[in-house]
Amino acid sequence: MIDYSYDIEMVKGRIEKGIRTNNRKDDEYREIKIETGILKNAAGSAKVTLGKTMIYAGTKLEIGTPYPDTPEEGGITVGVELSPIGAPEFYAGPPSETSIELSRVVDRGIREAKTIDFKKLLLVPKEKAWFVYVDIYVMNHDGNLFDACQIAAMAALKTTKIPKIDEDFNQIKGEYAGNLKLEKLPVLNTYSKISNKIILDPDLNEDYATEARLSIAIDDNLNICALQKGEKGFFTQEELKEIIKTSKKKYKEMRKIFEKL
Amino acid sequence: MIDYSYDIEMVKGRIEKGIRTNNRKDDEYREIKIETGILKNAAGSAKVTLGKTMIYAGTKLEIGTPYPDTPEEGGITVGVELSPIGAPEFYAGPPSETSIELSRVVDRGIREAKTIDFKKLLLVPKEKAWFVYVDIYVMNHDGNLFDACQIAAMAALKTTKIPKIDEDFNQIKGEYAGNLKLEKLPVLNTYSKISNKIILDPDLNEDYATEARLSIAIDDNLNICALQKGEKGFFTQEELKEIIKTSKKKYKEMRKIFEKL
Amino acid sequence: MIDYSYDIEMVKGRIEKGIRTNNRKDDEYREIKIETGILKNAAGSAKVTLGKTMIYAGTKLEIGTPYPDTPEEGGITVGVELSPIGAPEFYAGPPSETSIELSRVVDRGIREAKTIDFKKLLLVPKEKAWFVYVDIYVMNHDGNLFDACQIAAMAALKTTKIPKIDEDFNQIKGEYAGNLKLEKLPVLNTYSKISNKIILDPDLNEDYATEARLSIAIDDNLNICALQKGEKGFFTQEELKEIIKTSKKKYKEMRKIFEKL
Amino acid sequence: MVKKRVDGREMNELRPIKIVPSVIERADGSAYLEWGQNKMIVAVYGPKEMLPKHLADSQRGKINFIYRMAPFSVPERKNPKPGRRDIEISKVVGEALSHAVLLEEFPGMVIDVYVQILDSNAGTRVAALTASSVALADAGIPMKDLVTAVAVGKANGNIIADLNKYEEDAEDAVDMAFAMLPGSEEIVLLQADGILSEDEFDKAIKIAKEKCQEVKKLQIEALKSKFKALKE
Amino acid sequence: MVKKRVDGREMNELRPIKIVPSVIERADGSAYLEWGQNKMIVAVYGPKEMLPKHLADSQRGKINFIYRMAPFSVPERKNPKPGRRDIEISKVVGEALSHAVLLEEFPGMVIDVYVQILDSNAGTRVAALTASSVALADAGIPMKDLVTAVAVGKANGNIIADLNKYEEDAEDAVDMAFAMLPGSEEIVLLQADGILSEDEFDKAIKIAKEKCQEVKKLQIEALKSKFKALKE
Amino acid sequence: MVKKRVDGREMNELRPIKIVPSVIERADGSAYLEWGQNKMIVAVYGPKEMLPKHLADSQRGKINFIYRMAPFSVPERKNPKPGRRDIEISKVVGEALSHAVLLEEFPGMVIDVYVQILDSNAGTRVAALTASSVALADAGIPMKDLVTAVAVGKANGNIIADLNKYEEDAEDAVDMAFAMLPGSEEIVLLQADGILSEDEFDKAIKIAKEKCQEVKKLQIEALKSKFKALKE
């Protein structure tokens, strides 16, 4: 097991002195590894490790009825499961509020960047369209689940195949009509504020010591497409500016990872 | 906060001596105030105060499929929410048995009096009819929720507008085809038995001291249309007779309130 | 109340000496009594007592849509309710894992023997078929719920009448088109292993002392059609062989009971 | 010509009633009851410690009454999960029963009373209440009196006792659930749906009280036959 | 010609806001708030002992914030059960509120803050947060400052304050929920959906900070008028 | 001509199996397992205090085994909520596992074993059981032996080992989940669906026992390679 014996005060002291584990810089990600296409029953799948945080994501496509206010569009649903496998503090049962926030932040980053053109998922106006389900499992929690889950979702989506269907709209098992097209490649960056310092990609110890958290999604045009502040602390306007500048800088680096998939 | 420091024995002592707060008579309601049409998203709405008991009610109309045994009728659903806003003893979560009894007694009083002609809610036989949802929120509990909720339900229903629909049976936002017609104006009266005295409209202290409770719905023809006894005490036949006589007497007084809406 | 004061060690001691209550043999069932057709609203019904274990079962038929992978078939659903009436250890609430295992073992024994030809339940291909619901209530738990529930399910099914329907596929109240046909008469036998002895039909005291449990369903051709091992102990291959031999021997005896229904 | 009801009964005639106490071996008390087509079993467990403890009342015991209908007990299959009707009936019937039990003898404790409806045809709640007080007596729970219940009401212009489902569906139907302690005539359950004049109500109550005395005899007989059986 | 918004407002003009504290007699503190069409009630209960005890924090108190929408408060009837949106808002708004409250004064305790939305038209979460800090003050809970919130964002190419539902549905709409402590300008809530450039973001934050000062005055006035009323 | 199976396997040939222990850093023990297309992760947490305490057994510890399938792990998307099948498998597989663990060494405690199925193609429960006993060993939980499991059964008239999904869908298919302690050949899991004669059953058990010994070697190798890795 990872050793979490040192306390929050020690983490704070180290952060104040500019020391992170493995000499990481404040705006540096831990090592990211991605494997895709690993699960046959999934339409798309990925295993992502961000340092020691480990995520599995899988997608499924199902035909459903478009919503009345968007009769020519399909849709997407993102769910994050804090599997009891991933940490002693996770438990089996209905989604916690932490899991719901995580799901919704990942969902919004992808949705607001217009990553998927929902009109392309239409099969019959008002009647039939593809709905994409992204299910994300946290299998080892060593901090920054937001970014790790977003990367896993993007990797699974980017490698998702659209099933072939017959004239009755039944999926033909094991046959595919093509790949799901991602129009945009948004990147999510999550920052922790600890002792008035802002650090990117907090690990678990840093998570515990976090006073305020900010997740920011950046799109292909280096615009902000989603923001979420969390925890009981605060940010100043200057800190937000600093975070946005860092995120724009990080965008290209992270985009390369998605492009390679 | 309302002061509930005096105990049940003191309430009983006062009731025995014929003393009620503000010198109320045994068959007298507290002051009733009704505001309607206060919520724009609701099809009908009302805020009701009965003394310090405060209720909000709102209605919504939705198109649904008639039940197989009444293929030419719409319907009504009444739900009472004991919001944790309204009392320290209320909690967030699924409906308690108190809330379910309250909902069903209010529902039956309205339904059994044939307040709404469900046949007039029909759009297409066997296929489409209006269903009326009445949601009632207890926002401050100072006793006699039964009558306060019934008044709020009646006020919200009487001011309910029926949405205009297009040829696909979709509601046209903000346009209305007319008002929901109330065929009858039933009145619900709730009595407490305390130390062998029967009092109308118990306030919260009287609620706590109640040995047996009776709610009676009276219709336009001064007939009884619903009855519900509650709590662990009993009534004698003579007490029931007395209650019915009082209720017939009160009917005209209360009806005037509904007529004015 | 049945006296369960003597402890597991005492039960084990008796079993080792070959002593069972009422001098029952190791492969002997307690007395089985079956009454059928006792409930008018049920399509089929039975009350079964196995010793002091008492079960009620009722069936209902409803028209539903065939599953996409079996478009020309109806289906069956078996549910066992451990009613709080039947034992102090049962409680009101959602099904326990014990209740789910019981339901599924009874269901599989009946299903795998092809007791019902689901194709005969079809009304309109892809659209309409009969679905049979078997609901089983444990009303007094004195051991071996598996076999008692299976007998009750078989008795209720064998006496089930198929409702008459009109041209709109609505059931005509109180009229029947015929009986549900049972193609096979599978028998379920449940064994307990206690102190290295194998006994059939454990009573409640024997249930408590059980180290390992085996339920085996035998069909008309004396084949095995379902098996379920339970509890934390084990069986040897030799013990399984012995159990199968006993079960084949018991089949005819039990089948006679079903045939008489 | 004397008018009769669809099933041949007189206006104030009850359907046949059968009560058998002590049918559930593992319960502390129980009863099986048939009332016309209605069939049900009641079991009593307790008095026992109330858990979780913060729900206990240190001054008196509590009745935890649970009424449930089997999916096959009604014409259309019922969802096995308890509905809002089940919960309301459990509350008001439990309150009615509580009045008869000497709860002050069981401070901090609870008595569970479970009713399972197996077949139904109008009037299950009054039948359940009638059966429950027999089961409580069978469990040896001290009571000031039995609770005895009947339904009365109106159908096709007549005030009648013990409506069946067909009568409950009449255009002018009123169904009134009524229970009292037969000794003192204290009314502990009263629920009515449908339109009744004051005179009709008085008439209905009068019939209800008479019929309760009739039902009480059946409760007593059932209990006597049990104790007789025990003595022999 | 000066461009105006569909409802006639200037680009950075708020809808009319009305705040009334102390509306719920039984609560320890409360507030009624109207913000354009939005209508809601907030009640505060506590500080009180945290139950079950294992959820308590022995170092400081907790805010239990619950945000709920009534079924009739939205254009399409909402299911009465809380949805995922309700739960997320409850979490982040509760965290924002927690920063202002002197929680270290209530070790092991909890303060319940309940918000019921009765009518809605965009911006309910910031309205709820604004109303909640008035209700906390009304309850006498010690705070380092009020929390003041507004929505800012973008519609049809303009950076605007306090979007209404119509504007939220614009093709290029961005809705940003913002809250700060008006004294220190510490930002405690920030949630945004939709595409904003860095410059647009800066402009939006600038407007948000100005508007918060405006809202803060209304909060103070509401509380003053209450204490004035109390003195008279 | 020797008959072969649709995927080219011999009648009693297992699909390729890969076991990797210690894959979850935060768990006390864990294993990743591939068995044909089946892919899963098992984590072990404990032994730890059983909560709530009234569920604890003062004489021995308990295994809390939870088996779950991911929505994307099956051909048709599964509802993320656990179904009745998940619950039944959790019960019987947990019981099978309990026999091997020296539970008397952990009175009053619980060991949580969680299995997440990520991809599936017949035989997930036996694969889960096989992986679980590796994860328990990885956690250092004392056991009298490993538990080793395989599926055997029948398809198209042949008694075969380790059915795949295609074979499970045969008209005459029988799927039998089997597990034993490989040292003593004590059978701890046995579940079968479908029609088998006594002879076929005997033959199936014989194959199952042989195949378990084969699987056991893979379990041992996986554990050895871990301890070897640790030493280096």
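What you see is a predicted model, and the numbers here were worked out from it, not measured in a lab. Side-chain atoms are counted along with the backbone in the values below, which use heavy atoms only and exclude waters and symmetry mates. Quick note on labels: first sequence line is chain A, next is B, and so on, each numbered from 1.
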Do Glu186(F) and Thr236(C) make a side-chain contact, defined as non-hydrogen atoms from C-beta onward lying under 4.5 Å apart? no

Region of Ala226(C) that comes under 4.5 Å of a non-hydrogen atom in chain F: both

Can you tell me if Lys206(F) has over 12 outside heavy atoms packed within less than 6.0 Å of its NZ? no

What's the verdict on side-chain hydrogen bond (donor to acceptor under 3.5 Å, both in side chains) for Lys229(C) and Gln191(F), showing C-alpha distance, side-chain angles and the deciding distance? CA-CA 6 Å; Lys229(C) 182 259 164 187; Gln191(F) 281 189 294; over 6 Å; no

Once you round to the nearest 0.5 Å, how far does CD1 of Ile224(C) lie from CG of Asp193(F)? 12.5 Å

Within a reach of under 6.0 Å around NZ of Lys119(C), are more than 12 heavy atoms found that belong to other residues, nucleotides or ligands? no

NZ/NE/NH1/NH2 to OD/OE distance under 4.0 Å, Arg108(C) and Glu88(F): yes

Taking the side chain as every heavy atom from C-beta outward, state whether Phe201(F) and Asn223(C) have any pair of such atoms under 4.5 Å apart. no

Within a reach of under 6.0 Å around CD of Gln213(F), are more than 12 heavy atoms found that belong to other residues, nucleotides or ligands? yes

Side chain, backbone, both or neither: which part of Met176(F) has an atom under 4.5 Å from a heavy atom of chain C? side chain

Do the side chains of Lys241(C) and Asp202(F) get nearer than 4.5 Å, heavy atoms only? yes

Starting from the C-alpha separation in whole Å, work towards a yes-or-no answer on side chain to side chain contact (heavy atoms under 4.5 Å, CB included) for Gln237(C) and Lys209(F). CA-CA 10 Å; Gln237(C) 189 174 2; Lys209(F) 288 167 78 171; 2.6 Å; yes

Which residue out of Arg104(C), Gln228(C), Glu239(C) racks up the most heavy-atom pairs below 4.5 Å with chain F? Arg104(C)

Taken to the nearest 0.5 Å, the spacing of Asn221(C) CG from Ser197(F) OG works out to 10.5 Å

Drop me the distance from Arg84(F)'s CZ to Glu97(C)'s CD, to the nearest 0.5 angstrom. 12.5 Å

Pairwise distance CD1(Ile218(C)) to CD(Glu198(F)) - rounded to 0.5 angstrom: 8.5 Å

Under a 4.5 Å cutoff for heavy-atom pairs, which residue among Val92(F), Ile187(F), Val174(F), Leu181(F) has the most contacts with chain C? Ile187(F)

Most contacts with chain C, counted as non-hydrogen pairs under 4.5 angstrom, among Gly194(F), Ser98(F), Ser184(F), Ala179(F): Gly194(F)

State, with a plain yes or no, whether a side-chain heavy atom of Ile195(F) is found less than 4.5 Å away from one of Asp219(C). yes

Which of residues 89-96 of chain C get closer than 4.5 angstrom to chain F, counting heavy atoms alone? Pro95(C)

Which residues, numbered in order, of residues 244-259 of chain C come under 4.5 angstrom of chain F by heavy-atom distance? Ile244(C), Lys245(C), Lys248(C)

Side chains of Val188(F) and Phe235(C), heavy atoms from C-beta outward: is any pair under 4.5 Å? no

Evaluate the side chain to side chain contact (heavy atoms under 4.5 Å, CB included) criterion for residues Thr98(C) and Lys91(F): first the C-alpha distance (whole Å), next the side-chain angles of each, then the deciding distance (0.1 Å), finally the verdict. CA-CA 8 Å; Thr98(C) 306; Lys91(F) 181 175 190 292; 4.2 Å; yes

Check for a donor-acceptor pair, side chain of His99(F) on one end and backbone N or O of Lys232(C) on the other, with a separation under 3.5 Å. yes

